[in-house]
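Structure first, commentary second.
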Protein chains: 4
Amino acid sequence: MTDTPLLRAAIVGASGYSGEELVRLLARHPRLELVAVASRRSAGKTLGEIVPGTPARVRELKFEDIQPADLVARKDIGVVFLALPHGVAAEYAVPLRAAGKVVVDLSADFRLRNAEVYKEFYGHDHPAPELLSKAIYAQPELHRAEIPQYDLLACPGCYPTSILLPLVPALRAGLIDPHSIVINSLSGASGAGKKAEISLLYCEINENMRAYSVPKHRHLSEIEQELATAAGTRVTVTFIPHLIPLHRGMLSTITARLKVPGATAADVTALYAKTYGNEPFVRVLPVGQVPEVKNIARTNVCEIAAQVDPRTDRLILLSALDNLSKGASSQAVQAMNIRFGFPESEGLDL
Amino acid sequence: MTDTPLLRAAIVGASGYSGEELVRLLARHPRLELVAVASRRSAGKTLGEIVPGTPARVRELKFEDIQPADLVARKDIGVVFLALPHGVAAEYAVPLRAAGKVVVDLSADFRLRNAEVYKEFYGHDHPAPELLSKAIYAQPELHRAEIPQYDLLACPGCYPTSILLPLVPALRAGLIDPHSIVINSLSGASGAGKKAEISLLYCEINENMRAYSVPKHRHLSEIEQELATAAGTRVTVTFIPHLIPLHRGMLSTITARLKVPGATAADVTALYAKTYGNEPFVRVLPVGQVPEVKNIARTNVCEIAAQVDPRTDRLILLSALDNLSKGASSQAVQAMNIRFGFPESEGLDL
Amino acid sequence: MTDTPLLRAAIVGASGYSGEELVRLLARHPRLELVAVASRRSAGKTLGEIVPGTPARVRELKFEDIQPADLVARKDIGVVFLALPHGVAAEYAVPLRAAGKVVVDLSADFRLRNAEVYKEFYGHDHPAPELLSKAIYAQPELHRAEIPQYDLLACPGCYPTSILLPLVPALRAGLIDPHSIVINSLSGASGAGKKAEISLLYCEINENMRAYSVPKHRHLSEIEQELATAAGTRVTVTFIPHLIPLHRGMLSTITARLKVPGATAADVTALYAKTYGNEPFVRVLPVGQVPEVKNIARTNVCEIAAQVDPRTDRLILLSALDNLSKGASSQAVQAMNIRFGFPESEGLDL
Amino acid sequence: MTDTPLLRAAIVGASGYSGEELVRLLARHPRLELVAVASRRSAGKTLGEIVPGTPARVRELKFEDIQPADLVARKDIGVVFLALPHGVAAEYAVPLRAAGKVVVDLSADFRLRNAEVYKEFYGHDHPAPELLSKAIYAQPELHRAEIPQYDLLACPGCYPTSILLPLVPALRAGLIDPHSIVINSLSGASGAGKKAEISLLYCEINENMRAYSVPKHRHLSEIEQELATAAGTRVTVTFIPHLIPLHRGMLSTITARLKVPGATAADVTALYAKTYGNEPFVRVLPVGQVPEVKNIARTNVCEIAAQVDPRTDRLILLSALDNLSKGASSQAVQAMNIRFGFPESEGLDL
C-alpha cells in the first residue's frame, strides 16, 4: 500500500481494557507495526494467550517485562503508547521523552498545564512538572493544528471527550452562561478498568446503577481547563458521573442557561453542523434525534445533538461515544495519525 | 390474623409489567382478596397461564373481559386498581366513581388539578375534568393526611416519585433557587411497558442507552404542579429522562443553586434525615454514600442522598427507587393501605 | 401470630450472595428470630451498612467475628445456618453438633455419604468423616420423611437440585437407560460467588458465555450419589456446566435414552404431574411449554417440563430454578421448616 | 490496492440484524462496491437514517423498494446477497439465477439437497426444487473446493456452523457413535431477528433464559444432511437450542459416545489441530481451555475445544462463534471471497 517503512510501535500496559483495544487497532493499522508489548504480570506469555480475541497478525507477540530503560534502548521503536494507571505513566514518559521517543499517553499524567491544579485534584505534587509545557492535550477536534508540533501527546479520556466536544462550540460562540453548566455523564463498566474488586463484579453492576465521585471527580480539572480556554474565562462546572450496566459506551447530558434566550434548537444545531461539518469523527444529529450508544459503539465517532428547552431557556447538549474507542484508544490513534502526518482516519472505523 | 372481612379487589390491566407486580403484591396482602382481573387480550386464561410466575394463591384466577358496567355490578368489590394506559383509565374511573367504588389509579389521568395543564401536555381535552378535584395525588409521603378523605387515588409514577421525594424538602425549606433546577433521570426498560415495538427489543436496549422525550416529557406537568405547592411559587424545571439497559430501577440526579451558599452536605443531610426520619419507605443515606438500584430493587423503598458542590454552590440530590415498586405498584398499595386504615407497611417489603 | 417462642437463629457467612438471600428470608420468617450474624471481614458493622438492601427488621444487627466456641456458648440459639465455602463449614459444624445445635449447612461438606468419594472429588481427606452418617441430604422433595430425624442438614446446591428434581422420577420409574444421561446446565453469575477475581468482573461475564469444570465438576459426586439411590444401580453421567450473563437463575437440560421406546411426551408428563402433584414448590409444565428463569426467579419454585424426541428415542427433561433460592437459601429454609415441624411454605414465596 | 474493477453488489433485506452486519462488512470490503440495498419498509431513506451506525462510506446509499425484476435489469450488479426470511429468498433467487446473477443466500431456502426433507421440516413444498442441485452448501471449511463452481451459495446459519465445524472431523474419523450425538446450543438474542414481538422485548429476555423448538428445530434438517455426508451413514441427533440474554454469540456443547474408548483429550485435540491447522477462521484450543463468546465476538472465527470424559467414554466438543458473523454475514462474505477468487480473508476480521 505504501513504500514508506512502517512506524514501529510499543504499548506499555496492554492488558487492561483500553490496552486490549489499542492492540486491536494497532494490529490492523497499515502504517504501523506493533513490535513490543510490556506487562509485568503477563511477561512471557503471548498476546493470544492473555487476550484470546487478539487479531491473528499479533497473536504470537510476547508480553515482556520491559522497563523504561529497555524501551529507550530499542532504537527501532518510533512511538510508545502508554496505557497505564495515573502516576505510573510518568515513570515511562520522562525517560522516553529524554531519549527522544514520541510518547502517546492515555493516562491523565500530562493533561493539565498547571502543576498546582494537578496537586489540588490528585493530592500530591506532579512527578514531572517540567514536562507539562511540552505536552499537548491531544483532542484532535480541539487541537489538531498543534498536535504535529509535540512529541508528548496527552490523550483525553472518555469523560472529557464526551463533554468537551459538545460544550466547546457553545462556549466559543458565547451562547451560554459559563457559570450555569451542569453535566451528567453515564459510563459503561469498562471505564472502571480491569481490576479485581468486589464493586466491579458482574453481580454488583448488572441490574444496578449509581452515581460516584460526587461532587469532585478528578477529571473535572482537565474539563475545566479546556472549557476555560474555549470561554476565555474561568469555568467551574457541576459534574456527576454514573456507572451503568453495559460494557462499552458513554452518554453525556449537559445543560446550561442560554445567553441568547430566543435561540432555537435549529439555530444551535446549525452552529454545530457548521463547526463539525468537516470532522470525520463527529456526527451532529438533526433536531429531534438523540445520540445512542449503539450508533457509535466500537467506532471512533462521537454523536452530538443540541436541543433547547424554551420553558427554562436552557441549552441541552447530548453526546454519545464509546469510552474505549473515541474515549480512549481510537482517539489516541487518531492523534497519532495527525502527529505523524498519516491520513487522520487511517486504521479507524468511521 | 384478623377477623375483619377481607377487602375484595379487582385489577383492570393486569397483564402489563406494573399489573404483574400489582398481582404479586395483592396476592400476598393479608387484608385483601384479589377476586377479579380484567384483560381483553387474555380473557379466559388464568393468571398462571399468562404470567407463569404468578403466586400460587391466585394462579387459577381467570382473566375476564370486564367492562366498566360489569365492575359496577360486582357489589362485593370494594376497590378497583387501574393499571391502564393514559386515557383508558378514565373510561373506567368515571362509572366506578359514580357507583361509589374506591379507585386506585396508576395512570396519569387524574394526577393534575388543572385541566388546562392537562390539555397543554397531553394534547387533548381532559375526558372527565369534573373528577380532577375529587382525586388526590396519592404520594404517601407528601399527602398522607389527605389520602383517607378521597375515593380516587391518583398514584404518581416513577419519575415524579423519584424527583419529588428528594426535591420537595429542599423547596419547602427555601434551600434552593426554584428557577435553577436541572433533573436527569435514568430508567430501566420496564418503565417503557410491555409493547410489541422494535425500539423495545432486547437488541435495541441491551448495550445501548439514550435520552428521550427531550425537552418536554409529559410527566413534567405533575412534577411541576407538586413542586409549585412545595415552593409556594411557580416552578419550571429542565428534565431529561434516559433509557438504560436494566430491567427495574430508576436513578434521579437533581441539581439546584443553593440559596444559602455556606450550607454543607452535613447540614442538608440533617434536614433530610429529620424530614424523613419516621418514614418507613424513605432511606436517607449518610454523607458520602450514594443511592444504588440494587439496594432498593423489588422493595417499596426510595433511597436519597444529598451532597453539596462548594465549587459551584449547588445542591446535588440523588435518589434511587424501583420503577415498578415505589415508582408504581407498591406505592399504590401503600396509598391504599392509608386510605383503608390498614397498617401502612402491610403487604410491602421494607 | 403464634404463642410458641421464636426459634433463635444465627448465620455464619452472611455476606456472600447466598448469605444475603438467607438474611432476607430469615428476617421475614414468622417463626424465627435472626439473632447473630458472623463475618470476620465485616465485624462491627451492621447488616444494613454491608448490604444496604437488608430488610428493616434486621438492618441494625451487627456482624460479629464469632468463632465456633462462641456459638456453642450462646444457649439461646437453636439453629445455625452455615453459608460458608466448602471446607470451612466443617470447622463450625463439628463443635456445633457436639454441643447439640441444629446445623443447616449450605456448603458441600456433608452431602456425601462416602468419605472415599469425597476424597476423589475434593482432593483431600474429609475433615469429619464421623459426621457423614449423621447428616441428611436435605432435598425436601427427595428426603422429606427423613429430615426431621437429623440435626445436620446438608442442603443441596443449585446444580444438584436442578438435576435431581427432573431426573429422579425417570430413574425410579425405570424409564431411561442410566448409562445414557447427558446433562447441560446453565448458571447465572451469582452462582460463582462474591469473590474479587478478574474472571467474575462485569466486563468478563457480560456479553460472554462459556462452559467450565469440564469434564468433572465436584458436584457430580453428590448428583451421582442421589441418582444411584433412585436407580438402584451405579449411575455415571456426563455433566457440563456453563456460566451465563444473568444475575440469578439456572436451567438444566437433560437427555437420556428411553427404555420404553413408544413413550410419548404426554405419558412422561403424566408421570411427572403425578409425582409432583402435591409438591408446593415443583411446577410440572404441560406438554409443549418450557421452563423459563423469569417464571421462578426469586421464588422457591422449580419448573420442570418433559419432552420426548421420537426421532432418537430420547427423553428430554428441562428444569429452571433460582440458584440463590431453590438452589440455595430458600430450599435451606424449606428443609429447616420440615426439620422443626413448621408449615413447609412458611416464610417462602410460592 | 488493485486495478481490477470492483465487484458491484446488492443486498436485499438489509434492515435486519444480519443485514446490518452485512452492510458493515461490504462497506469496507476492498474488492466490492455496495451499490443497492432493497427494503420495502425503509424505501427512500438512507442507510444512515435507518441504521445510524452505518459506516460513512455507504451512509448516503438509499434503500429502494427493489423487486426481483429490477435487480435482473441492473446489468452492473454482479452479486446479490439475500438476507431475507425463509421462503421470501426463493422469490428473488429464482429470477436472479435465471438472469445469470451470482446469488449469496443467507436464508435456509437452498441448503437442503432433498425436497422431501424440506417438506418434512418446513411443512410445505419447496418453492423451487429445480434449483436445489444448483446450490452449494457454502460452509467454506467443509466445501471450499466446490464453492467456485456454483452461482447459488446457500450459506449456513449459526446453529449449523457451530455444530458442523466441531462434529464433522469426529464423524469423518470414525471417532464417535453417530447414534449417540446430543447437542445443546446457546444463542444470543440477535439470532431471533428484528421482529416486533413481545417475546423478544428486553424485559422478556434480560435476566431470563429458556430452551425452545424442542424437540425438532428446522435447522436439524441441514445439520443432519451434512453430518450424514461426513459419517457416510444416516445420522439423527438430539438438538436443543436455548435463548440467552446477550446480544451476539453462540456456544454449542456436543457429546457423543467414543468408539475408541481409550482416546484422550490430547489425541482428539491433535486430530482437530491437524484438521483445522491451516484454516484462518477456526481456532482449535489447547486441552483444558474452553471457547468463550468474548474471544470471537464480531470476528469470523469459530473457536473449538475437545475434551474426553473418561468416566462415561464420551467425547465433549465445545464451540463458540458470533451468530451474526461466522454464523451469518461474515461467513457469507468468506464464501463469496472463495467464489470470486478473492483472498479468503479479504474484508474480514481474523
Side-chain angles (χ1 to χ4, degrees), chain B residues 13-21 24 39-42 45 49-53 83 85 158 186-212 242-250 293-294 297-298 322-325 327-329, chain D residues 13-21 24 39-42 45 49-53 83 85 158 186-212 242-250 293-294 297-298 322-325 327-329:
Chain B
S15 54
Y17 294 126
S18 299
E20 274 184 34
E21 185 66 18
R24 203 179 66 81
S39 165
R40 185 161 303 167
R41 64 177 165 182
S42 304
K45 298 198 171 147
E49 285 170 310
I50 298 301
V51 184
C158 46
L186 317 183
S187 174
S190 58
K194 197 173 183 173
K195 288 171 282 187
E197 294 179 3
I198 292 285
S199 67
L200 301 182
L201 296 187
Y202 182 84
C203 290
E204 303 296 312
I205 289 179
N206 181 52
E207 288 297 304
N208 192 20
M209 46 182 182
R210 60 180 167 89
Y212 69 99
H242 301 75
L243 183 61
I244 302 293
L246 82 171
H247 212 99
R248 299 168 72 142
M250 173 164 287
V293 165
K294 75 180 169 69
R298 290 159 207 271
D322 183 319
N323 57 302
L324 295 181
S325 303
S329 301
Chain D
S15 55
Y17 294 126
S18 298
E20 275 183 34
E21 186 65 18
R24 203 178 68 80
S39 165
R40 186 163 303 165
R41 65 176 164 182
S42 304
K45 298 200 171 144
E49 284 171 309
I50 297 302
V51 184
C158 44
L186 318 183
S187 173
S190 58
K194 197 174 183 172
K195 288 171 281 187
E197 293 179 4
I198 292 285
S199 68
L200 300 182
L201 296 188
Y202 182 84
C203 289
E204 302 297 311
I205 290 178
N206 181 53
E207 290 297 306
N208 193 21
M209 46 185 183
R210 62 180 167 88
Y212 69 98
H242 301 75
L243 182 61
I244 301 294
L246 84 171
H247 211 100
R248 300 168 72 141
M250 174 164 286
V293 165
K294 74 181 170 71
R298 291 160 204 272
D322 184 321
N323 57 301
L324 296 181
S325 303
S329 301

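Letters go in sequence order (proteins before strands), and every chain restarts at 1. Everything numeric in this text was worked out from a predicted model, so none of it was measured.
- Here the closest heavy-atom approach between residue B:Asn206 and residue D:Leu246 is recorded as ND2-C, 4.4 Å.
- With a 4.5 Å cut-off on side-chain heavy atoms, D:Leu243 and B:Tyr202 do not count as touching.
- To the nearest 0.5 Å, atoms CG (B:Leu200) and CD (D:Glu197) are separated by 14.0 Å.
- Of the inter-residue distances, the one linking D:Cys203 atom SG with B:Leu201 atom CG reads 11.5 Å to the nearest 0.5 angstrom.
- Taken to the nearest 0.5 Å, the NE2 atom of D:His247 stands 7.0 Å off from the CD atom of B:Glu204.
- The choice from B:Arg248, B:Lys194, B:Glu207 that makes the most heavy-atom pairs within less than 4.5 Å of chain D is B:Lys194.
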